[in-house]
Amino acid sequence: MSPDTNAGERTVPSHAGEIAVVTGASTGIGEAATRRLCADGWTVYAVARRAERLDALARETGAIAAPCDITSEAEVTALRDRVLGEQGRIDALLNISGGARGTDWVADAKDEDWEWMYRVNVLGTMRITRAFLPALRANGQGTVLNLTSLASQRGYEGGGGYNAAKFAQHGLTEALRLEEAEHNVRVVEVAPGLVHTPEFSLMRLGGDAEAAARVYAGVREPLTAEDVAEVCAFAVNLPHHVNLDLVTVKPVAQAAIHKLLRE
């Protein structure tokens, strides 16, 4: 593969002919990762539930719109069959899809919020990974990247449900890395801190726009979706023998999950 040698630009090998599946592609980090990988030459299947957003993204980037609810076994199976039927292979699976609902303390936890977070963050990641693992193994140099969160490393008040889901996703990722090393499947984890993704906060806070805005109020330069997508793309674009096991990405203003500077 010939490198891009334009002076002053990031050197990225051509990934023409390589196939990536990116979940959560209708918004935020998943959308940004799709754009980044398409720019790097990948053929990208953009996966999410909202077909109209995927269609718009496909028109802009050349990605392939692939509507799918990753919590549905039948839809995941259909997605796998489509990708492998059309391409015959997969090189990278980026599990970006996820989310949070509610900020209740454990004493006030709502079953439906916790169950939703577990289905999306854990079972969704498991189902789509399980579906594509045989093809990733057969590839000989497959990659799985799981987007977790700083919430997978430290608990905080009001985060119990999201902490529980993301700790579980982190544990799944660690086990997967051990299990798939003999198949030369590279397993990467990217754990962002505060990212300015308004839709994530709106969902978590029940559509309260004012409360969602307060999440970022006074924070100097929170991460953007593009910042995190750049890290994800860097990880999967590296030579296959290089594995970024766990990358924690935070804005400088977030020294720790409990220390966020606001002006």
Side-chain angles (χ1 to χ4, degrees), residues 13 15 18-24 29-30 33 37 42 44-45 47 68 70-73 76-77 79-80 83-84 89-100 114-115 117-155 159-193 228-250 257:
H15 289 276
E18 294 192 80
I19 313 302
V21 172
V22 179
T23 71
I29 297 168
L37 291 181
W42 291 77
V44 181
Y45 282 76
V47 176
C68 174
I70 65 167
T71 68
S72 165
E73 181 69 23
V76 167
T77 299
L79 172 67
R80 178 201 63 198
V83 173
L84 298 182
R89 61 181 291 160
I90 178 176
D91 298 281
L93 169 64
L94 285 78
N95 289 310
I96 309 294
S97 184
W114 283 55
E115 288 168 355
M117 286 186 279
Y118 196 83
R119 283 198 309 273
V120 172
N121 293 284
V122 185
L123 295 180
T125 297
M126 178 275 289
R127 285 194 178 100
I128 198 163
T129 302
R130 181 178 63 189
F132 280 106
L133 267 178
L136 289 163
R137 290 171 173 175
N139 178 292
Q141 290 193 332
T143 296
V144 177
L145 184 147
N146 288 343
L147 189 85
T148 60
S149 169
L150 191 57
S152 72
Q153 302 172 15
R154 295 288 185 276
Y162 190 53
N163 288 141
K166 286 301 185 180
F167 267 77
Q169 191 184 24
H170 167 71
L172 179 160
T173 305
E174 286 203 333
L176 183 69
R177 186 178 299 116
L178 294 170
E179 293 167 356
E180 296 305 318
E182 292 175 336
H183 300 287
N184 204 33
V185 174
R186 176 172 59 177
V187 179
V188 179
E189 179 178 355
V190 176
V228 181
E230 188 72 16
V231 174
C232 294
F234 181 78
V236 300
N237 282 331
L238 283 169
H240 187 78
H241 71 283
V242 182
N243 189 20
L244 302 185
D245 279 23
L246 171 60
V247 183
T248 302
V249 190
K250 299 180 294 180
I257 202 165

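Given the structure is predicted, the values throughout are model-derived calculations rather than measurements. Because only heavy atoms are used, hydrogens play no part in the values below, and waters and symmetry mates are left out as well, while side chains stay in.
Rounded to the nearest 0.5 Å, atoms CG (Asn184) and OG1 (Thr143) are 9.0 Å apart. Residue Leu147 holds its CG atom at 5.0 Å from CD1 of Ile29, rounded to the nearest 0.5 Å. With rounding to the nearest 0.5 angstrom, the CG atom of Asn163 is 12.5 Å from the NE2 atom of His170. Between the CG atom of Leu94 and the CG atom of Leu37 there is a distance of 6.0 Å, given to the nearest 0.5 Å. Taken from CD1 in Ile128 to CD1 in Ile70, the straight-line distance is 6.0 Å, to the nearest 0.5 Å. With rounding to the nearest 0.5 angstrom, the CG atom of Leu133 is 6.0 Å from the CG atom of Leu176.
By the salt bridge (Lys or Arg N to Asp or Glu O under 4.0 Å) test, Arg154 is found to be paired with no residue, residues two or more places apart in sequence or in another chain being considered. Residues forming a side-chain contact (heavy atoms from CB on, under 4.5 Å) with Ala235 (at least two apart in sequence, or on another chain): Leu145, Val188, Leu244. For the side-chain contact (heavy atoms from CB on, under 4.5 Å) test, residues two or more places apart in sequence or in another chain that qualify with Leu123 are Tyr118, Arg119, Met126, Arg127. Partners of Tyr162 according to the ring pair (Phe, Tyr, Trp, His ring centres under 6.0 Å) rule, which considers only residues two or more places apart in sequence or in another chain, are Phe200. For Val120, the side-chain contact (heavy atoms from CB on, under 4.5 Å) partners two or more places apart in sequence, or in a different chain, are Thr71, Ser97, Trp116. With sequence neighbours excluded, no residue forms a side chain to side chain donor-acceptor pair (under 3.5 Å) with Ser152. With sequence neighbours excluded, the residues forming a side-chain contact (heavy atoms from CB on, under 4.5 Å) with Ala229 are Ala32, Ala33, listed by chain and number. Under the side chain to side chain donor-acceptor pair (under 3.5 Å) criterion, Arg130 pairs with Glu73, sequence neighbours left out. Looking at residues two or more places apart in sequence or on another chain, you find a side chain to side chain donor-acceptor pair (under 3.5 Å) between Asp91 and Arg89, Asn139. Evaluation of the side chain to side chain donor-acceptor pair (under 3.5 Å) rule for Thr77 yields no partner, not counting sequence neighbours.
With hydrogens and angles disregarded, a donor-acceptor distance shorter than 3.5 Å links the side chain of Thr23 to the backbone of Ile96.
Identified under the salt bridge (charged side-chain N to carboxylate O under 4.0 Å, His left out) test for residues 180-191, with sequence neighbours left out: Arg137-Glu180. Note on residues 141-150: no pairs pass salt bridge (charged side-chain N to carboxylate O under 4.0 Å, His left out), not counting sequence neighbours.
No side-chain heavy atom of Tyr45 sits under 4.5 Å from any side-chain heavy atom of Ile90. The side-chain heavy atoms of Val247 and Phe234, taken from C-beta on, include no pair separated by under 4.5 Å.
Listed here is the closest heavy atom pair of Ala20 and Trp42: CB-CE3, 3.6 Å. Of all heavy-atom pairs spanning Gly193 and Leu150, the tightest one is CA-CB, 3.9 Å. Closest approach of Ala191 to Gln153, counting heavy atoms only: CB-NE2, 3.6 Å. Contact between Leu136 and Ala92 at its shortest, heavy atoms only, is CD2-N, 4.3 Å. Closest approach of Leu93 to Thr129, counting heavy atoms only: CD2-CA, 3.7 Å.
Applying side-chain hydrogen bond (donor to acceptor under 3.5 Å, both in side chains) to Gln169 and the options Asn95, Asn121, Thr125, Asn146 leaves one that passes, Thr125. Among the candidates Val47, Val44, Val236, the single residue satisfying the side-chain contact (heavy atoms from CB on, under 4.5 Å) test with Val22 is Val44.
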